[in-house]
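Structure below; questions to follow.
Residue numbers begin at 1 in each chain, while the letters A, B, ... track the order of the sequences. As a basis for the values below, the full set of heavy atoms in this structure was taken, side chains included, without hydrogen atoms, waters or symmetry mates.
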2 protein chains.
Amino acid sequence: MGKQVTEMLKGTLEGIVLAILSGRPAYGYEITAWLRDQGFSDIAEGTVYALLVRIEQRGLVDVEKIPSEKGPPRKVYSLNAQGREHLEEFWRTWSFLTERLEQLREGGN
Amino acid sequence: MGKQVTEMLKGTLEGIVLAILSGRPAYGYEITAWLRDQGFSDIAEGTVYALLVRIEQRGLVDVEKIPSEKGPPRKVYSLNAQGREHLEEFWRTWSFLTERLEQLREGGN
DNA sequence: ACTGGTACATAGTAACGCTGAATAGTGACG
DNA sequence: CGTCACTATTCAGCGTTACTATGTACCAGT
């Protein structure tokens, strides 16, 4: 898509992944595929894995290794209590931003 | 406010400033003050100036130096044609993001 | 002379996502 | 068996962006 999305994803992608995990546990490959499906056409695989490592180290998710029928074992992530808190904080911040931008969009023209 | 906003601003702040300039020409100090008023409580002055230099170098704005009654002359920026194009592209990207996130927010709970 | 408000500028740092590649297991096909 | 394709994770190095922390400069009021 372009560099503009890339920059805008900073800080947002983490929230997106947390939001996905709030619905159901998931593993990296699955999340990447889902994102591509949703139109995030050029999110690099490495990006998602790095993000998952990060949120794991911050204690926002629990991890379970589950054997796959095809290929190496999956690392399945699920949101824990701290992760849910963080996600809510994310939504608050996001709302703040969208409100400001909505105002600008209307008022600016 | 916090690190979360900081990261989310990446890529967005530029759009915000362009949106401001689409309404009327403005100078750095003014923009910073306006942002603080709007709740972006901890946007550093340096950040805005650096951003303005960046968009000037990319040719998105025209610049005019105008003497101020108080203090050094102001550098007044106004959006040019290329800047308007870039702003529209920004709105498109922003819409894409908000749509995806709105879906996640509803579906996730 | 000193303080405070206005106005701009910049060097250094940290965070985040991308690029590109490596590693590794499984199943299918010839 | 060898190789290809798919699944799945990991990592080093890079570019962009925003923050920190200053510094410069001009003017008004005391």
Side-chain angles (χ1 to χ4, degrees), chain A residues 1-18 25-36 40-58 60-61 63-77 86 90 93 97, chain B residues 1-18 25-36 40-58 60-61 63-77 86 90 93 97:
Chain A
M1 298 198 71
K3 211 173 13 171
Q4 217 173 50
V5 189
T6 294
E7 286 308 320
M8 256 188 254
L9 276 178
K10 294 192 178 179
T12 325
L13 186 58
E14 182 179 303
I16 292 174
V17 169
L18 291 178
Y27 54 98
Y29 193 82
E30 188 187 5
I31 294 172
T32 305
W34 187 86
L35 287 171
R36 297 226 163 110
F40 296 98
S41 45
D42 53 16
I43 284 189
E45 282 214 76
T47 300
V48 174
Y49 287 112
L51 195 159
L52 289 170
V53 167
R54 223 159 52 224
I55 61 178
E56 179 187 354
Q57 280 172 349
R58 286 194 204 144
L60 307 180
V61 287
V63 189
E64 204 181 348
K65 233 172 194 170
I66 297 184
S68 161
E69 302 118 23
K70 325 175 115 193
R74 298 166 173 165
K75 277 179 78 176
V76 175
Y77 296 82
H86 197 82
F90 168 78
T93 306
L97 248 194
Chain B
M1 300 200 71
K3 214 172 12 174
Q4 215 173 53
V5 189
T6 293
E7 285 309 320
M8 255 190 252
L9 276 179
K10 295 195 177 175
T12 325
L13 186 57
E14 183 179 303
I16 291 174
V17 170
L18 291 178
Y27 54 97
Y29 192 80
E30 187 187 6
I31 294 173
T32 305
W34 187 88
L35 287 171
R36 295 221 168 118
F40 296 99
S41 45
D42 54 17
I43 284 190
E45 276 207 80
T47 301
V48 173
Y49 288 113
L51 195 159
L52 288 170
V53 167
R54 222 157 57 223
I55 63 179
E56 181 187 353
Q57 281 172 351
R58 286 193 202 145
L60 306 180
V61 287
V63 189
E64 203 182 348
K65 236 177 191 163
I66 296 184
S68 162
E69 303 117 23
K70 325 176 114 191
R74 299 168 172 162
K75 276 180 79 177
V76 175
Y77 295 83
H86 198 80
F90 168 78
T93 307
L97 248 194

task = May I ask you to verify if any side-chain N or O of A:Arg54 is less than 4.0 angstrom from the OP1 or OP2 atom of C:dG17?
result = yes

request  = Would you indicate which nucleotide in C:dA7, D:dT10, C:dC16 comes nearest to any side-chain atom of B:Tyr49?
outcome  = C:dA7

ask   = Does a side-chain heavy-atom distance below 4.5 Å link A:Tyr77 with A:Glu64?
value = no

ask   = If you look at every strand shown and take non-hydrogen atoms under 4.0 Å, does A:Gly46 touch a base, only sugar-phosphate, or nothing?
value = base

inquiry  = Between C1' on D:dT9 and CD1 on A:Ile66, what's the gap in Å once rounded to a whole number?
reply    = 15 Å

remark   = By nearest-nucleotide position on DNA chain C, the 5'-leaning member of A:Thr6 and A:Glu69 is A:Thr6

request  = Let me know, please, whether A:Glu7 or A:Gly28 comes out on the 5' side of the other along DNA chain D by nearest nucleotide.
outcome  = A:Gly28

query = Mapping A:Thr47 and A:Lys70 to their closest nucleotides on DNA chain C, which lands nearer the 5' end?
reply = A:Thr47

message = When you measure from the side chain of A:Thr47 to the backbone of A:Ile43, do you find a donor-acceptor pair of N or O atoms at a distance under 3.5 Å?
response = no

inquiry  = How many whole angstroms separate atom NZ of A:Lys65 from atom P of C:dG25?
reply    = 11 Å

key: Whole-Å distance separating the CD atom of A:Glu30 from the C1' atom of D:dC6   = 16 Å

request  = State whether B:Tyr29 places a side-chain N or O below 4.0 Å from either non-bridging phosphate oxygen (OP1 or OP2) of C:dT6.
outcome  = yes

request  = Grab the CG-C1' distance between B:Leu52 and C:dT10 for me, whole Å please.
outcome  = 14 Å

request  = Look only at the side chain of A:Tyr49 and the backbone of A:Tyr29, and say whether a donor-acceptor pair between them is shorter than 3.5 Å.
outcome  = yes

ask   = C:dG25 phosphate, OP1 or OP2: any side-chain N/O from A:Arg74 under 4.0 angstrom?
value = no

key: Presence of donor-acceptor pair under 3.5 Å, side chain of A:Lys10 and base of D:dT16   = yes

NZ/NE/NH1/NH2 to OD/OE distance under 4.0 Å, A:Arg58 and A:Glu14 = yes

inquiry  = Using OP1 and OP2 only, check whether a side-chain N or O of B:Ser68 sits under 4.0 Å from C:dT6.
reply    = no

inquiry  = Heavy atoms from C-beta onward define the side chain here; which of D:dT9, C:dC16, C:dC8 lies closest to that of B:Lys75?
reply    = C:dC8

Touch class at under 4.0 angstrom, heavy-atom based, for A:Leu13 against every strand present = sugar-phosphate

inquiry  = Of the options C:dG17, D:dT16, D:dT10, whose atoms approach the side-chain atoms of A:Lys3 most closely?
reply    = D:dT16

note = To the nearest angstrom, the CZ-C1' distance between A:Phe40 and C:dG17 comes to 13 Å

ask   = Taking CD from A:Glu14 and P from C:dC16, how many angstroms apart are they, rounded to a whole number?
value = 7 Å

ask   = Counting only side-chain N and O atoms of A:Tyr27, is one of them less than 4.0 Å from OP1 or OP2 of D:dT9?
value = no

ask   = Rounded to whole angstrom units, what separation is found between the CD1 atom of B:Ile55 and the P atom of C:dC8?
value = 13 Å

query = Hey, are B:Lys75 and B:Glu56 close enough for a salt bridge, meaning a charged N less than 4.0 Å from a carboxylate O?
reply = yes

task = Examine the side chains of A:Thr93 and B:Gln4 and answer whether a donor and an acceptor come within less than 3.5 Å of each other.
result = yes

inquiry  = Can you measure B:Glu45 atom CD to D:dT22 atom P for me and round it to whole angstrom units?
reply    = 15 Å

message = Quick check for you: among C:dC8, D:dT16, C:dG25, whose closest atom lies nearest to any side-chain atom of A:Pro72?
response = C:dG25

